[in-house]
Amino acid sequence: MIYASVKGKNKKLFEKGLLNTLNDSYDFKDDHSLFDYVINRGHEKSATVCISNKRDQIIKDYSDLIDAGLQPRYNTSIPQILKNLHAYYNLNHESQFSLLIYIDRTKTHTVFTMGDQLFESREFNKGLYYFSNTLKEISLSNNGEADAESNAMHFLSYYGIGAETTDTNIQDGFPFKKAQSILEHLALSFTEDIKEAIYFFENVLTHDGFSIQPIDQVYISGPGSHIKNLDKVLCDELRICLLYTSPSPRDLSTSRMPSSA
């Protein structure tokens with residue numbers, strides 16, 4: 001999903017301009033790509049575009065669903081849901097640039113908004129399981145996969161990242177110091193992907209003719225946001241100078257940070 005600045009007095013000219021943008025900036029391949037878009041008249045980002053370079057696979061999947069008696073319907077996206085929630089809770093902050101981070105189980109979504117507008121979104125394949133699966137690999141429990149999974153989730157929520165003290169060397173079936181060392185390494189790798197997303201958003205703004213704007217707020221949500229102290233690691237690594245928790249405990253947190261993070 002991308003958000004493009006496109007000009008065109010009518011639909012035909014608009015679509016021509018959109019195709020030029022896709023070809024120039026998003027590796028659009030006529031023979032292997034599909035796209036659909038919605039026009040947002042009056043917004044800086046005048047087109048919201050869904051694009052994929054897996055045309056043959058999408059057509060096959062669609063045909064398989066039809067053959068099985070299922071009719072595919074419109075389905076919204078995580079970025080759009082996050083944008084709607086953010087706009088609802090920030091009705092009086094129309095000009096603020098915000099970074100929304102949704103840490104899901106298998107991936108993380110990053111969304112860049114200004115007021116009620118979606119500017120860009122990106123995702124990477126690191127989520128809650130990125131931390132828990134690695135932790136399970138050093139489990140000392142002999143009670144099977146389910147027990148190791150439960151212990152990993154408890155360790156992440158109760159001790160999390162950067163815990164300095166413990167009563168014993170083993171906690172929840174994990175060697176405590178080794179677990180902490182591994183989690184700190186994973187957290188730093190995770191924040192590097194967040195930094196890459198910010199850099200990507202800034203490059204898109206520059207390419208579209210906008211000046212780079214400082215991000216006023218950062219919101220963290222999703223299952224992975226419950227990893228204890230992950231928000232503090234993000235604050236330190238992204239040089240966030242202010243942090244507070246929203247009305248929904250440990251669901252959304254918001255911070256201020258410079259765009260050069």
Side-chain angles (χ1 to χ4, degrees), residues 78-79 82-83 85-87 89-90 93 95-115 119-132 134-135 152-166 176-177 179-203 205 212-261:
I78 291 293
L82 292 176
K83 174 259 183 185
L85 287 172
H86 172 65
Y89 285 106
N90 293 274
H93 302 285
S95 63
Q96 287 184 330
F97 283 84
S98 300
L99 178 65
L100 316 180
I101 303 173
Y102 185 82
I103 309 172
D104 208 340
R105 289 169 176 79
T106 60
K107 63 177 61 176
T108 292
H109 302 267
T110 54
V111 180
F112 186 43
T113 70
M114 185 184 74
F119 263 67
E120 281 291 340
S121 66
R122 209 177 189 196
E123 64 183 48
F124 55 91
N125 293 323
K126 292 177 183 175
L128 173 61
Y129 294 160
Y130 173 67
F131 295 90
S132 65
T134 306
L135 199 58
M153 293 301 179
H154 182 267
F155 190 99
L156 289 171
S157 64
Y158 191 81
Y159 296 103
I161 302 163
E164 296 180 356
T165 60
T166 180
F176 187 79
K177 290 184 178 180
Q180 284 296 305
S181 177
I182 289 173
L183 290 177
E184 288 173 8
H185 174 76
L186 295 177
L188 290 177
S189 176
F190 182 86
T191 56
E192 285 301 314
D193 285 320
I194 299 293
K195 290 179 181 180
E196 286 187 15
I198 295 171
Y199 181 68
F200 172 80
F201 295 150
E202 291 180 343
N203 281 343
L205 278 179
I212 294 178
Q213 299 290 333
I215 295 174
D216 296 304
Q217 296 179 321
V218 177
Y219 293 84
I220 307 170
S221 61
S225 67
H226 294 269
I227 298 175
K228 188 174 182 178
N229 294 329
L230 180 58
D231 53 351
K232 294 180 180 179
V233 173
L234 289 171
C235 287
D236 292 340
E237 292 299 313
L238 300 178
R239 301 197 298 277
I240 300 174
C241 56
L242 176 65
L243 175 69
Y244 59 92
T245 303
S246 74
S248 179
R250 291 204 62 75
D251 182 40
L252 290 175
S253 57
T254 178
S255 316
R256 295 186 181 275
M257 67 181 218
S259 65
S260 58

A.B. asks: Any sub-3.5 Å donor-acceptor pair from Ser225's side-chain atoms to Ile220's backbone N or O?
C.D. replies: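 Checking the backbone N and O of Ile220 against the side chain of Ser225, no donor-acceptor pair under 3.5 Å is found.
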
A.B. asks: Once you round to the nearest 0.5 Å, how far does CG of Asn125 lie from OG1 of Thr108?
C.D. replies: 9.0 Å

A.B. asks: Do Phe124 and Glu196 have side chains that get closer than 4.5 Å, going by heavy atoms?
C.D. replies: no

A.B. asks: For residues Phe200 and Glu120, report the shortest heavy-atom separation together with the two atoms involved.
C.D. replies: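 Closest approach of Phe200 to Glu120, heavy atoms only: CE2-OE1, 3.9 Å.
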
A.B. asks: Val111 and side-chain contact (heavy atoms from CB on, under 4.5 Å): which single residue from Leu99, Ile101, Ile78, Leu82 fits?
C.D. replies: Leu82

A.B. asks: Mind checking ring-ring contact (aromatic ring centres under 6.0 Å, His included) for Phe155 and listing every partner two or more places apart, or none if nothing turns up?
C.D. replies: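 Partners of Phe155 by the ring-ring contact (aromatic ring centres under 6.0 Å, His included) criterion, ordered by chain and then number, come out as Tyr159, Phe174, Phe176.
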
A.B. asks: Carefully, step by step, assess Arg122 and His109 under the rule side chain to side chain contact (heavy atoms under 4.5 Å, CB included).
C.D. replies: CA-CA 6 Å; Arg122 209 177 189 196; His109 302 267; over 6 Å; no

A.B. asks: Taking all non-hydrogen atoms of both residues into account, name the closest pair between Glu123 and Lys107 and its distance.
C.D. replies: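 Minimum heavy-atom contact is OE2-NZ, 2.8 Å.
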
A.B. asks: Hey, could you give me the CE/CG distance between Met153 and Leu135, rounded to the nearest 0.5 Å?
C.D. replies: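 Going from CE on Met153 over to CG on Leu135, the span is 9.5 Å.
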
A.B. asks: When the side chains of residues 179-191 are checked against the rest of the protein, which donor-acceptor pairs come out under 3.5 Å, sequence neighbours left out?
C.D. replies:
residue	atom	partner	partner atom	Å
Gln180	OE1	Gly162	N	2.7
Gln180	OE1	Ala163	N	2.9
Gln180	NE2	Gly160	O	2.8
Ser189	OG	Lys126	NZ	2.6
Ser189	OG	Tyr130	OH	3.3
Thr191	OG1	Ala187	O	3.3
Thr191	OG1	Leu188	O	2.8

A.B. asks: Among all residues two or more places apart in sequence or in another chain, which pass the salt bridge (Lys or Arg N to Asp or Glu O under 4.0 Å) test with Lys83?
C.D. replies: none

A.B. asks: Give the C-alpha distance, both sets of side-chain angles, the deciding distance and a yes or no for side chain to side chain contact (heavy atoms under 4.5 Å, CB included) between Leu128 and Asp104.
C.D. replies: CA-CA 6 Å; Leu128 173 61; Asp104 208 340; over 6 Å; no

A.B. asks: Using the rule given for side chain to side chain contact (heavy atoms under 4.5 Å, CB included), can you reason through Ile227 versus Ile103, listing the C-alpha separation, both sets of side-chain angles and the distance that settles it, and then say yes or no?
C.D. replies: CA-CA 10 Å; Ile227 298 175; Ile103 309 172; 5.9 Å; no

A.B. asks: Walk me through it: do Ser98 and Tyr219 pass the test side chain to side chain contact (heavy atoms under 4.5 Å, CB included)?
C.D. replies: CA-CA 8 Å; Ser98 300; Tyr219 293 84; 4.2 Å; yes

A.B. asks: Can you list the residues that meet the side chain to side chain donor-acceptor pair (under 3.5 Å) rule with Ser132, with sequence neighbours excluded?
C.D. replies: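 For Ser132, no residue satisfies side chain to side chain donor-acceptor pair (under 3.5 Å) once neighbours in sequence are set aside.
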
A.B. asks: Which atoms form the tightest heavy-atom contact between Tyr102 and Pro223, and what is the distance?
C.D. replies: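 In terms of heavy atoms, the two residues are closest at OH-CD, 3.8 Å.
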
A.B. asks: When you measure from the side chain of Asn229 to the backbone N and O of Ile161, does any donor-acceptor pair fall under 3.5 Å?
C.D. replies: yes

A.B. asks: Does some side-chain heavy atom of Ile194 sit less than 4.5 Å from a side-chain heavy atom of Thr110?
C.D. replies: yes

